[in-house]
Every structure is written in structure tokens, then in C-alpha cells.
Amino acid sequence: MSEMNLDLSAVLFDENTIRNRILDIGAQLSIEYKDKTPILICILKGASLFLCDLIRSMTIPLEIDFMSISSYGSGTKSTGVVQIRKDIDTDIHGRHVIIVEDIVDSGLSLNYIMDYLKNHNPASIKTCVLLNKPKAHKIDVQIDYVGFDVGNEFAVGYGLDYAEKYRNLPFIGILKEEVYS
Ligand code: PRP
């Protein structure tokens, strides 16, 4: 057992559950994007593990790109201030784009990214998020494919961090309140 497990109050989604859900989403995307060669844009850093497993569950030609934004620093609350730290390298004009995110909390980050990428005139743009926190949304945000809906618990692991830690846990757990309060 990892020493990180001591900071968790529970396992939210184990490795098997995550794998099976991603296989389902990958199969669905493979059907819906057949002959479209979509570009999957991974929002760093949290979605990196999700992207790696998602594309390996897809059976159609596709491309990947990466974007990095920041709105949180090392705290736990969204400031609503979004900065682009790394832009995409691909020309997405006329292409089919799928934004890959690890979690939608307030929705501010994904909303910003959607607006930003829409300005590049893609043929279509959809979002694929591993975890969605519907109760935390502060705005209407377009979520097309979702792994799991969750409550307001603090989820870490499988790419998700607290103060940059816990990303390497192969499952998703709930962080004990005493760790971040
Ligand atoms: C997380 C997550 C989303 C955003 C969701 O990123 O990856 O991008 O917060 O929150 P919101 O819906 O309230 O905007 P974070 O800034 O923690 O960066 P990271 O992916 O590098 O951990």
C-alpha cells in the first residue's frame, strides 16, 4: 500500500471501474468519429492519464495535442482567472475537436477553453470529461461525454492532484479533509 493511501478517506473509483468506463467511451467515440480523424486536445496536467488510456481504447485514426491552462495555483478553489500556459500546435480549422479534461468543477476552465478553441473555426467541437461535479457548476457548460458524475468530495489520483501530489495513484480516491483544510 502506498503511503499516499493514508491521506485518503475512501476509494471513489478503482482501476477496473475506470478502465471499463474508458473502454466504453473509447468504443463510442470510435463509432461516432469513424472517418473523421478527430483531434483530441488534452488539458494538462490532470487529463494526461485519461488521454493515454482513452486513445488506446479507440480503434480509429486520430491525432492528439496538448494545452495547458491555469486557474487554481496550489489552492483548492477556482479563482475564475484562466491563463493559457501552452497553446495547441495543430491548426484545428475545419477539424473535429474533442477536448479531454479530467474534471469539471465550476466549469469556468472548460468554458474558457471551448470559447477559445471555437475561435479557431473547427468543424465540430465536443468535450469528454472523466469526472463531472454537476453541483459545483457556476455556469452552463457543454459536456458531451462523461466518465462519472461525482459529488463535492475532493477527488485525487489518476491524474488529479492536490498541490501537485497524488496524480500517480492508479485509482481515484477521496482526500481526507484534514489534508487540505
Ligand atoms: C483542474 C482541472 C480543470 C479545472 C476544473 O485543473 O484539470 O482544468 O481544474 O475546474 P473548474 O471547472 O472549476 O474550472 P488545475 O488548474 O487544477 O490544473 P491541473 O490539471 O494541472 O491539475
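The first residue in the sequence is number 1, and the count goes up from there. These numbers come from the heavy atoms of this one structure, side chains and all, not from hydrogens, waters or symmetry mates. Read the numbers this way: they start at 1 and go in the same order the structure lists the ligands and their atoms.
- The N/O atoms of Ser70, backbone and side chain alike, include none that comes under 3.5 Å of an N/O atom in ligand 1.
- Partners of Pro134 by side chain to side chain contact (heavy atoms under 4.5 Å, CB included), not counting sequence neighbours, listed by chain and number: Asn132, Asp149.
- How far CZ of Phe154 is from CG of Leu160: 8.5 Å, rounded to the nearest 0.5 Å.
- Closest approach of Lys176 and Ser9 over heavy atoms only: CG-N, 3.7 Å.
- Phe148 and Val146 fall into different hydrophobic clusters, where Ile, Leu, Val, Met, Phe, Trp and Tyr are joined by side-chain heavy atoms under 4.5 Å apart, directly or via other members.
- At a heavy-atom distance under 4.0 Å, no atom of His137 approaches ligand 1.
- Put simply, part of Arg167 is less than 4.0 Å from ligand 1, judged by heavy atoms.
- Not a single donor-acceptor pair under 3.5 Å links the side chain of Asp65 to the backbone N or O of Ile88.
- In summary, the atoms of ligand 1 found under 4.0 Å from a heavy atom of Gly46, numbered by their order in the structure, are 19 (P), 20 (O), 21 (O).
- For a threshold of 3.5 Å applied to N or O pairs, the pair formed by Ala47 and ligand 1 contains no separation below that value.
- By the criterion of a heavy-atom distance under 4.0 Å, neither the backbone nor the side chain of Lys138 is placed next to ligand 1.
- Judged purely by atom type and a 3.5 angstrom limit, Thr127 uses its side chain to pair as donor or acceptor with the backbone of Asp144.
- Which parts of ligand 1 touch Ser106 is read off a 4.0 Å heavy-atom cut-off, strictly below it: atoms 11 (P), 12 (O), 13 (O), 14 (O).
- Per-residue contacts place Asp161 under 4.0 angstrom from the following atoms of ligand 1 (heavy atoms of the residue considered): 22 (O).
- Residue contact check: Leu44 has heavy atoms under 4.0 Å from atoms 20 (O), 21 (O) of ligand 1.
- For ligand 1, the atoms sitting less than 4.0 Å from at least one non-hydrogen atom of Gly107 are 11 (P), 12 (O), 13 (O), numbered in the order shown with element in parentheses.
- A donor-acceptor contact shorter than 3.5 Å links the side chain of Lys86 to the backbone of Phe66.
- With atom 4 (C) of ligand 1 as the reference point, the heavy atom nearest to it among Ser68, Ser109, Gly159 is part of Ser109.
- Remark: ligand 1 atoms within the under-4.0 Å shell around heavy atoms of Lys45 are 19 (P), 20 (O), 21 (O).
- Every atom of ligand 1 with a heavy atom of Asp102 under 4.0 Å away is listed here by number and element: 2 (C), 7 (O).
- Summarising the contacts of atom 8 (O) of ligand 1 with Lys133, Arg85, Glu164, Glu101, the nearest heavy atom is found in Glu101.
- Remark: among candidates Asn132, Val141, Ile103, the nearest residue to atom 5 (C) of ligand 1 is Ile103, based on non-hydrogen atoms.
- Note: an N/O pair closer than 3.5 Å links Asp105 and ligand 1 by distance alone.
- Among residues two or more places apart in sequence or in another chain, the side chain to side chain donor-acceptor pair (under 3.5 Å) test is passed with Ser68 by none.
- Screening Asn16, Thr17, Ile18, Ile22 for a side chain to side chain contact (heavy atoms under 4.5 Å, CB included) with Asn20, the sole residue that qualifies is Asn16.
- Enclosure of atom CG in Asp115 by more than 12 non-hydrogen atoms of other residues, nucleotides or ligands within 6.0 angstrom is indicated.
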